[in-house]
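Since the model is a prediction, treat every value here as computed from it, not as a measurement.
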Amino acid sequence: MKKLGMGLMRLPITEEGNPKSIDQALVNRMVDYFLEKGFTYFDTAYPYHQGMSETAAAKALVERHPRNSFTLADKMPTFLVTRNEDYERFFSEQLKRCGVTYFDYYLLHTLGEKNYANTLQHGGFAFMKKLKAEGKAKQIGFSYHDKAELLDQILTDHPEMEFIQLQINYLDWENDMIQARKCYEVAVKHQKPVIVMEPVKGGALANVPAAVEQLFKGRHPELSTASWGIRFAASLDHVFMVLSGMSNFEQIIDNVSSMQNFAPLDEEEKQIIQKATEMINSGIAIPCTACQYCVDGCPRNIPIPKYFSLYNDQRQFGLVPSHRGYYTNLSQTYGKASDCIGCRQCEQHCPQHIEIVEQLKEVSRIFDAV
């Protein structure tokens with residue numbers, strides 16, 4: 001199996017802000033191209049596009065290609081489970097949405113301290129073993145956003161988990177909050193293969209500062225900046241799959257071309273990435289990946305990732321006037337950063353553990369100023 005997987009989290013849409021308006025025709029084309037080039041792994045989840053990602057997968061894959069021609073991964077929404085019966089209810093709904101009778105890979109979604117405790121309370125691990133025994137999940141594992149110490153505990157207590165999905169990219173490799181390297185080393189210690197998510201950090205590593213892009217182009221003029229992130233993750237020995245969320249046909253062509261004949265990074269390339277990391281870290285203010293988990297349920301309907309993106313860009317590139325215009329336009333439909341009431345619901349769902357309430361105050365200071 002080739003190491004690149006197609007993430008179905010950020011699919012192309014035909015109407016801005018409406019996740020139900022997925023451009024299915026374009027998704028079909030992207031899926032066909034991906035399969036044609038020999039790549040077979042697809043990743044979805046219950047909340048992606050408010051559930052429409054799973055049905056889009058059914059339309060693009062299940063209804064148009066033989067079941068044995070692709071590998072499909074889905075995830076149990078642990079953050080929505082309130083009782084044991086919920087596991088069967090959600091899983092049955094996912095099978096129906098995706099139009100399949102089994103998943104090749106099935107994960108407990110986004111385990112961390114809170115979701116792990118919830119999973120223990122409601123019998124989530126027993127349910128996963130049941131799926132495995134019944135053949136409804138060929139491989140069982142979990143995605144993870146927390147500290148390495150807790151990951152070590154989970155894998156010690158639950159060796160039946162067969163793989164782990166981790167956020168790994170060169171920018172987060174030594175990040176004290178994400179702990180990508182430490183988590184990866186825990187996976188290696190427990191001999192669990194790793195699936196990588198966010199190798200381009202939500203697109204941030206596809207739009208690096210000009211000086212960093214020049215650094216990359218100096219070695220490989222033909223490669224995109226995004227490809228460096230994907231190759232970094234794929235070069236790790238215990239990584240068997242790297243997921244990339246693809247929102248348009250250009251991205252899928254680029255990702256496929258960079259991984260078609262994959263070769264691990266050499267020593268000079270590793271040095272270049274180390275230097276690039278230092279350069280980027282000197283300019284990033286808020287490490288947001290635009291996963292959107294913080295947005296659902298916000299009582300003030302604040303588009304937090306969009307505001308953080310504007311803030312980071314103005315910090316990196318000094319485009320305050322034009323960015324303030326974008327901010328003003330957004331705030332006509334959504335809540336302003338200053339509308340935050342400090343309930344911190346968003347922080348409970350943030351995989352990056354960002355202090356969102358405090359950061360919104362800084363966003364407000366920049367963009368709400370007259």
Side-chain angles (χ1 to χ4, degrees), residues 1-11 27-45 48 53-54 56-58 60-75 94-95 98-109 128 131-132 135-144 160-169 183-184 187-188 190-200 226-246 251-265:
M1 183 187 295
K2 293 190 176 183
K3 272 192 169 184
L4 178 66
M6 183 176 178
L8 305 177
M9 180 181 182
R10 300 180 177 96
L11 294 174
V27 173
N28 291 354
R29 284 183 57 220
M30 292 167 65
V31 164
D32 290 352
Y33 181 83
F34 198 68
L35 289 168
E36 177 188 322
K37 296 300 181 180
F39 298 87
T40 60
Y41 193 101
F42 297 85
D43 171 271
T44 186
Y48 294 173
S53 171
E54 291 172 326
L61 284 166
V62 183
E63 296 176 10
R64 303 171 62 251
H65 296 279
R67 182 63 181 90
N68 62 0
S69 68
F70 61 87
T71 300
L72 184 60
D74 208 336
K75 310 178 188 76
Q94 290 177 298
L95 288 178
C98 292
V100 295
T101 57
Y102 69 91
F103 292 109
D104 300 279
Y105 292 85
Y106 194 70
L107 300 81
L108 292 164
H109 198 175
M128 294 291 280
L131 293 181
K132 171 78 175 179
K136 294 179 180 178
K138 302 301 183 182
Q139 298 282 313
I140 55 173
F142 60 94
S143 63
Y144 186 77
E160 70 273 16
M161 294 290 99
E162 298 172 283
F163 65 93
I164 316 164
Q165 187 163 305
L166 296 173
Q167 176 172 322
I168 295 177
N169 56 69
C183 286
Y184 172 77
V188 173
H190 288 270
Q191 298 183 315
K192 303 297 183 183
V194 173
I195 299 173
V196 170
M197 55 184 160
E198 302 288 3
V200 194
S227 69
W228 284 81
I230 293 172
R231 290 183 61 230
F232 170 84
S235 295
L236 297 169
D237 290 339
H238 285 259
V239 167
F240 78 93
M241 187 59 57
V242 178
L243 302 177
S244 178
M246 306 180 201
Q251 289 175 358
I252 202 165
I253 290 174
D254 177 59
N255 287 343
V256 164
S257 65
S258 64
M259 290 293 289
Q260 187 73 60
N261 299 299
F262 169 69
L265 297 172

Grab the two heavy atoms, one from [X] and one from [Y], that are nearest each other, plus how far apart they are.
{"X": "M246", "Y": "G5", "value": "CE-O, 3.9 Å"}
{"X": "E198", "Y": "R10", "value": "OE2-NH2, 3.5 Å"}
{"X": "G245", "Y": "Q251", "value": "O-OE1, 3.8 Å"}
{"X": "G38", "Y": "K2", "value": "O-CD, 3.8 Å"}

Quiz prompt | Y102 six-ring face occupied by K138 cation (under 6.0 Å, within 45°) | solution = yes
Is the shortest side-chain heavy-atom distance between [X] and [Y] below 4.5 Å?
{"X": "F103", "Y": "Q94", "answer": "yes"}
{"X": "D43", "Y": "Y48", "answer": "yes"}
{"X": "L4", "Y": "Y41", "answer": "no"}
{"X": "M241", "Y": "Y105", "answer": "no"}
{"X": "L35", "Y": "F42", "answer": "yes"}
{"X": "E160", "Y": "M128", "answer": "no"}
{"X": "Y184", "Y": "V196", "answer": "no"}

Could you tell me whether the side chain of [X] and the main chain of [Y] form a donor-acceptor pair under 3.5 Å?
{"X": "D104", "Y": "L72", "value": "yes"}
{"X": "E162", "Y": "I140", "value": "yes"}
{"X": "K3", "Y": "V239", "value": "yes"}
{"X": "R64", "Y": "D32", "value": "no"}
{"X": "Q260", "Y": "K37", "value": "yes"}

Quiz item: Just how far is it from atom CG of L265 to atom CZ of R231, taken to the nearest 0.5 Å?
Solution: 5.0 Å
Practice problem: Tell me, yes or no, whether the heavy-atom count around Q191 atom CD, taken from other residues, nucleotides or ligands under 6.0 Å, exceeds 12. | Solution: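 12 or below, so no.
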